[in-house]
Structure formats: structure tokens, C-alpha cells
Amino acid sequence: MSSDVTSASPGPLSFEVARRDDPTPPEQIASVLADPGFGSTFTDHMVVATWTPENGWHDARVRPYGPFSLDPAAAVLHYAQEIFEGMKAYRHADGSIWTFRPEVNAARFARSARRLALPEMSEGDFIESLRQLVSVDQQWVPAGDEGEKSLYLRPFMFASEAFLGVRPARRITYSVIASPAGAYFTGGLKPVNLWISTDYARAGEGGTGAAKCGGNYASSLAGQLEGIEHGCDQAVFLDSSTHTYIEELGGMNLFFVTKDGKIVTPELTGTILEGVTRRSILELAKELDLEPEERRIPIDEWKSGAASGEIVEIFACGTAAVVTPVGELRWEGGSVDHRGEGHADRYAEAIRSRLLDIQYGRTDDAHGWMTRLV
Ligand SMILES: *Cc1c(COP(=O)(O)O)cnc(C)c1O
């Protein structure tokens with residue numbers, strides 16, 4: 001047996017490609033791409049790779065999309081040893097297909113892996129896995145010009161070893177699936193109303209808040225339900241120890257634009273997920289004549305700043321929705337809305353267009369943020 005098969009740290013993964021022999025007919029793909037929605041239709045193929053302590057990452061393939069065969073004792077089903085990423089593939093006007101800052105997602109995936117005691121995957125293998133899938137399923141990448149359509153990419157990794165003992169699993173599955181995505185919002189930007197969850201926190205100090213793992217999402221759902229019961233769209237989570245400082249939403253980071261031209265976001269204290277969109281907005285701020293600031297933001301500053309007019313815009317951001325204006329903030333016994341007469345989400349709109357123009361290749365990629373996949 002050659003040494004590159006047995007080594008725990010072999011060279012770059014090579015992907016075997018096994019195509020579906022009954023691919024989705026082009027007319028059917030076209031009808032999906034006409035109105036893709038979000039996260040409900042998947043492409044014809046998926047990536048799968050396996051990790052064991054003996055062989056490292058191996059057996060990487062692009063294969064027909066379909067269910068995993070999973071032992072009922074698979075550790076992920078019991079102890080939630082799982083992480084994921086969320087990215088998009090964008091088709092440019094010349095037909096080429098690109099993705100946005102994949103090296104930042106790769107680095108975050110590696111950080112999440114360390115926190116969840118999962119094996120890291122190299123940046124090279126991670127990006128190659130996306131390239132392999134998008135190349136095989138390239139007909140599923142919508143034209144981006146109308147409606148901000150894209151192919152959403154979901155890389156993920158989970159403990160597939162069948163063992164009920166509590167320790168890091170010794171068999172891990174990596175996979176990438178892809179799903180055509182339409183504009184998150186149809187008919188313009190619609191502000192979301194947020195609920196301050198007092199009963200629930202999303203993450204605690206020393207916990208997994210800075211990792212992108214399924215468990216964080218599971219623990220955010222009760223707060224989200226509480227928000228929905230109070231007529232809101234989502235919950236905003238505060239720090240779990242003092243219940244004073246703003247952290248983020250279940251799956252999006254928050255930004256505040258102040259009257260004096262600052263764009264402020266909660267600083268990374270270990271309980272907040274560092275979004276690629278968040279980082280990009282901080283880096284774009286100067287171009288929009290805004291002074292970026294990362295610091296702790298007390299929830300009372302939101303309440304008073306929204307009422308006094310000190311805060312002029314609030315928005316949430318993430319890969320899926322890009323930028324979403326925030327409307328009313330509600331809590332047990334009160335509410336505040338910073339949008340007075342004639343309010344315009346000027347900066348939210350400007351940042352959103354700037355990001356989309358870069359992602360769809362409609363403007364110069366001055367930051368070098370785009371990577372070509374196909
Ligand atoms: C993924 C995620 C975000 C947004 O990150 P992006 O890289 O911008 O998509 C924000 N908060 C949480 C909790 C997330 O899981």
C-alpha cells in the first residue's frame with residue numbers, strides 16, 4: 001500500500017466523480033431555477049469524504065445526491081458533534097461561476113472543527129470540494145442578473161462513528177450539498193421585527209457560540225419561537241452572564257449606524273459567530289464614509305438610541321439574506337422603533353448593493369474577495 005493512503009496527513013484530496021445516470025432534465029432544472037425559494041430543492045450530486053485517525057481524510061467523491069446510511073448509534077445523533085458552513089456560488093454575466101471569500105469560510109470551518117473536537121480540513125481541500133461539486137452541477141447555478149439568484153453551498157461535517165461512549169468520534173463524514181436560492185426577500189427589503197429573549201441565551205462564555213455548529217441553532221429555536229409568539233420575526237440574544245449586552249440573532253450578526261457616522265457591531269467576545277458578511281462590512285465601511293467600531297453594546301443603548309434618534313439604522317447580515325433592515329425591537333412590557341417619518345435604510349441599501357455588485361462581478365473586485373470555481 002502506498003504511503004499516501006495510510007498517512008494521516010496526505011497531500012491534497014483527489015475526488016472521484018460518479019455522475020447520476022438519470023440527471024434532472026434541463027426543462028425541470030429551468031423550472032426550479034425560475035422560482036428556487038430557499039433550501040428545499042437540491043442539485044443532482046453531493047460531495048462526500050471520510051476521516052479516520054489512521055487514514056486522515058480519504059475516499060473523497062462526488063456522487064449522486066441521496067440519503068446517508070447512518071447507524072442509529074452514530075455519535076452525531078446523540079452528542080451533536082457537527083459543524084457546517086454556508087456560502088454561495090454566483091454566476092457572472094459571462095457565464096463563469098464564482099464564490100465569495102472561501103478562504104475565510106475555510107478558516108472558520110477549521111476553527112469550528114477544533115472547538116467541536118473534529119478533524120480540520122485544509123483550505124485547499126475545502127475549496128476543491130466546492131469546485132468539484134459546482135463543476136459537476138454547474139447547470140444548477142442560476143443566472144444572477146434578475147432577482148439575485150445563486151447556488152447556496154452547504155459544507156458540513158459530522159461524527160458518523162457508531163459508538164455511544166463520550167469521546168471525539170473516530171469516524172467523521174464530510175459532505176457538501178447545494179441548493180438553488182432565490183432572493184431572500186421578494187418585493188424589496190422588508191424590515192424584520194426582533195424580540196429580546198429574556199428566558200433564553202444562544203451561547204455562554206467558554207461554550208460554542210463562536211463555532212458554526214448545529215447545536216447553537218438547536219438552542220436558538222426556543223428563543224425564536226418566543227419571539228414569534230410575540231409577533232416578531234426573530235430573537236436578538238444578549239450575553240448570558242449579565243443579560244446586558246447585545247450579541248446577535250440566531251444566524252445573523254447585527255450592525256447599528258449612528259447619527260455621527262459610525263457603524264457599530266458587537267465585538268467578538270467568544271460567544272458571537274464571526275460572520276464573513278460582518279467582516280466584509282467592517283472592511284467596506286470606510287468606502288461609505290462610515291467609521292467602523294467593534295465594542296460591547298448595551299441593550300439600553302439600542303432602546304434609548306432608537307428613541308432619541310442617535311441610532312439611524314439597524315440591520316442584520318449574513319450570507320443567505322446579505323443585509324436585512326431591522327424594524328421594531330420588542331421586549332416584555334415595551335417596544336421601540338427607530339424608523340421615524342421618512343426613514344430610509346440608506347446604508348443598508350448601499351452596503352447591500354456594494355456586496356451584491358462585487359459578488360455578481362458587476363464592479364471591480366478591488367479587495368480580491370472573489371474566487372472562480374468554474
Ligand atoms: C452563519 C452565521 C452568521 C453569519 O455568517 P456569514 O458568514 O456572514 O454568513 C451569523 N451568526 C451566526 C450564529 C451564524 O451561524
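Everything numeric here is computed off the predicted structure, so don't read it as measured data. Ligands are counted one by one from 1 in listed order, and the atoms in each one are counted from 1 as well.
For an aromatic pair to be called close, the ring centres must be under 6.0 Å apart, and Y152 with F38 satisfies this. Here F126 and F109 bring their ring centres to under 6.0 angstrom of each other.
At least one heavy atom of G250 sits closer than 4.0 Å to an atom of ligand 1. Under a 4.0 Å heavy-atom criterion, M87 is not in contact with ligand 1. The shortest separation from a heavy atom of R108 to ligand 1 is under 4.0 Å, placing the residue in contact. In this structure, G86 does not count as a contact residue of ligand 1, since none of its heavy atoms falls inside 4.0 Å of the ligand.
Among protein heavy atoms, atom 2 (C) of ligand 1 sits closest to K212 NZ, 2.6 Å. Protein heavy atom in closest approach to atom 3 (C) of ligand 1: G251 O, 3.3 Å. Of the protein's non-hydrogen atoms, Y217 OH, 2.5 Å is the one closest to atom 15 (O) of ligand 1.
Using a 4.0 Å cut-off to heavy atoms of G275, the atoms of ligand 1 that qualify are 5 (O), 6 (P), 7 (O), 8 (O). Listed by number with element, the atoms of ligand 1 under 4.0 angstrom from any heavy atom of T319 are 6 (P), 7 (O), 8 (O), 9 (O). Of all atoms in ligand 1, numbered sequentially from 1 with element shown, those under 4.0 Å from a heavy atom of E248 are 10 (C), 11 (N), 12 (C), 13 (C).
Members clustered with I228: none, using a 4.5 Å side-chain heavy-atom cutoff among hydrophobic residues.
The environment of R296 atom CZ is dense: over 12 non-hydrogen atoms of other residues, nucleotides or ligands sit within 6.0 angstrom.
At a threshold of 4.0 Å, the pair R154-E85 does not count as salt-bridged, since none of the basic side-chain nitrogens sits closer than that to a carboxylate oxygen. A salt bridge does not link R108 to E274: none of the charged nitrogens lies less than 4.0 Å from a carboxylate oxygen. We find that E283 and R101 are joined by a salt bridge, their nearest charged nitrogen and carboxylate oxygen being less than 4.0 Å apart.
The shortest N or O to N or O distance between G318 and ligand 1 is not below 3.5 Å. Residue contacts with ligand 1: N253 is placed with no nitrogen or oxygen under 3.5 Å of a nitrogen or oxygen of the ligand (distance criterion only). In terms of polar-atom proximity, defined here as any N/O pair under 3.5 Å, R202 makes no such contact with ligand 1. Residue T277 has at least one nitrogen or oxygen atom sitting less than 3.5 Å from a nitrogen or oxygen atom of ligand 1, judged on distance alone.
Aromatic ring orientation, Y65 versus F42: parallel (interplanar angle below 30°, classes split at 30° and 60°). Ring pair F100/W369 is perpendicular by interplanar angle, where above 60° counts as perpendicular and below 30° as parallel.
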